[in-house]
Amino acid sequence: METQLSNGPTCNNTTNGPSNSNTEDSKTNLIVNYLPQNMTQEELKSLFGSIGEIESCKLVRDKITGQSLGYGFVNYVDPKDAEKAINTLNGLRLQTKTIKVSYARPSSASIRDANLYVSGLPKTMSQKELEQLFTQYGRIITSRILVDQVTGVSRGVGFIRFDKRVEAEEAIKGLNGQKPPGATEPITVKFANNPSQKTNQAILSQLYQSPNRRYPGPLHHQAQRLRLDNLLNMAYGVKRFSPMTIDGMTSLAGINIPGHAGTGWCIFVYNLAPDADESILWQMFGPFGAVTNVKVIRDFNTNKCKGFGFVTMTNYDEAAMAIASLNGYRLGDRVLQVSFKTNKTHKA
DNA sequence: TCCCATT
């Protein structure tokens, strides 16, 4: 039973069919991938706790920096709740991410370091074709082709994660330096970099590529020292800086602050009646927690609601609870659709 | 040339 909800064009769900060992663990323990960088373990627990009772929950963090690695585990008490979580939360879009929810495989050393980096792919090769090339070597857990953010065209590089490391090793032996069918150039297949090593390099390049300082070396000025301290603190998650501190650091302008959630969590409410007004949104969402803004989108000429609106809530867990409770809610003769707002444009 | 899938 494969779960195939929309999970982005370059992300598959080739995971955990019924061929897995049927231990109790495999039926209650879920892995959650592609979490937003700023999501905390408590928020993860809140979101999944809205489905049913959680036995344990863990957000995986970098051992050194404490930064979220973007995935976590949720272990339910009841296998039915685990199944329900997959059915209702897989493919959920949070900020820029589309989360993936699937059964966790039993933990073992043999499944670690099974991720391959593939380059030199024909630009025309699809994700499915990439999988077809690699599937002879083992069970593919995830595959991905990187695309140019602007044009959407393949960059000719991608990833294949196998179930077992030995499968990945065999794929390297079999495919590295080989030409895929119809291709003119050979591809390179090697183990992917360890994701946790990357964070530090990104921080260093931020430090050294800031406008006043392009070369590595000792820091002399007070402003630069402060900037270094702040960057390290932010990067290593030691503390969060108040907006005041950040405003005072003009040299920080242009640097994206990890973990900054913005003004709140925007919720998209669809299928409102033409005569809906703001008060109904306050009434519906207010009981779940702090609501800072509501808006009903209206037609400029008729002043009638165009069928949707937005609600901004301060706290993630309250927003998640409101969504879990109000999505599918019957308002009059209409069934509402409630979700976190996406970046998609909603045409009227 | 590197996508955050094993607590």
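Chain identifiers are assigned alphabetically (A, B, ...) following the order of the sequence lines, protein sequences preceding nucleic acid strands; residue numbering begins at 1 within each chain. Quick note: numbers below take in every heavy atom, side chains included, and nothing from hydrogens, waters or symmetry partners.
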Any idea which of B/dT1, B/dC2, B/dT6 is nearest the A/S107 side chain?
B/dT6
Can you figure out which of B/dC4, B/dT6, B/dA5 approaches the side chain of A/Q37 most closely?
B/dC4
State which of B/dT1, B/dT7, B/dC4 makes the closest approach to the side chain of A/N29.
B/dT7
Taking B/dT6, B/dC2, B/dC4 as options, the one with an atom nearest any side-chain atom of A/K190 is B/dC2
Residue pairs meeting ring pair (Phe, Tyr, Trp, His ring centres under 6.0 Å), one or both in residues 119-161 of chain A, sequence neighbours left out, come to A/Y117-A/F159
Donor-acceptor pair present, A/R105 side chain and B/dT6 base, under 3.5 Å
yes
Let's see if you can work this out: which of B/dT1, B/dA5, B/dC3 has an atom nearest to the side-chain heavy atoms of A/Y117?
B/dT1
Reference residue A/F310; test ring-ring contact (aromatic ring centres under 6.0 Å, His included); the match among A/F340, A/F268, A/Y270, A/F285:
A/F268
What is the distance, to the nearest angstrom, from the CG atom on A/D148 to the P atom on B/dC2?
12 Å
Select base, sugar-phosphate, or nothing to describe what A/K63 touches, counting heavy atoms under 4.0 Å on all strands.
nothing
Length of the CD1-P vector between A/I145 and B/dC2, whole Å:
15 Å
B/dT6, B/dT1, B/dC4: which one has an atom nearest the side-chain heavy atoms of A/S119?
B/dT1
Salt bridge A/R105-A/D163, side-chain N to carboxylate O under 4.0 Å:
yes
Qualifying salt bridge (charged side-chain N to carboxylate O under 4.0 Å, His left out) pairs, either residue in residues 277-286 of chain A, two or more places apart
A/E278-A/R298
To the side chain of A/R144, which of B/dA5, B/dC3, B/dT7 is closest?
B/dC3
Within the structure shown, what part of the strands sits under 4.0 Å from A/S56 by heavy-atom distance: base, sugar-phosphate, or nothing?
nothing
Checking B/dT6, B/dT1, B/dC4 against the side chain of A/T188 (C-beta onward), the nearest is B/dT1
Give the nucleotide from the list B/dC4, B/dC3, B/dT6 with an atom nearest to the side chain of A/I111.
B/dT6
Side-chain contact check for A/R161: nearest option of B/dT7, B/dT6, B/dC2 is B/dT6
Any ion pair linking A/K173 and A/E170 (charged N to carboxylate O, less than 4.0 Å)?
yes
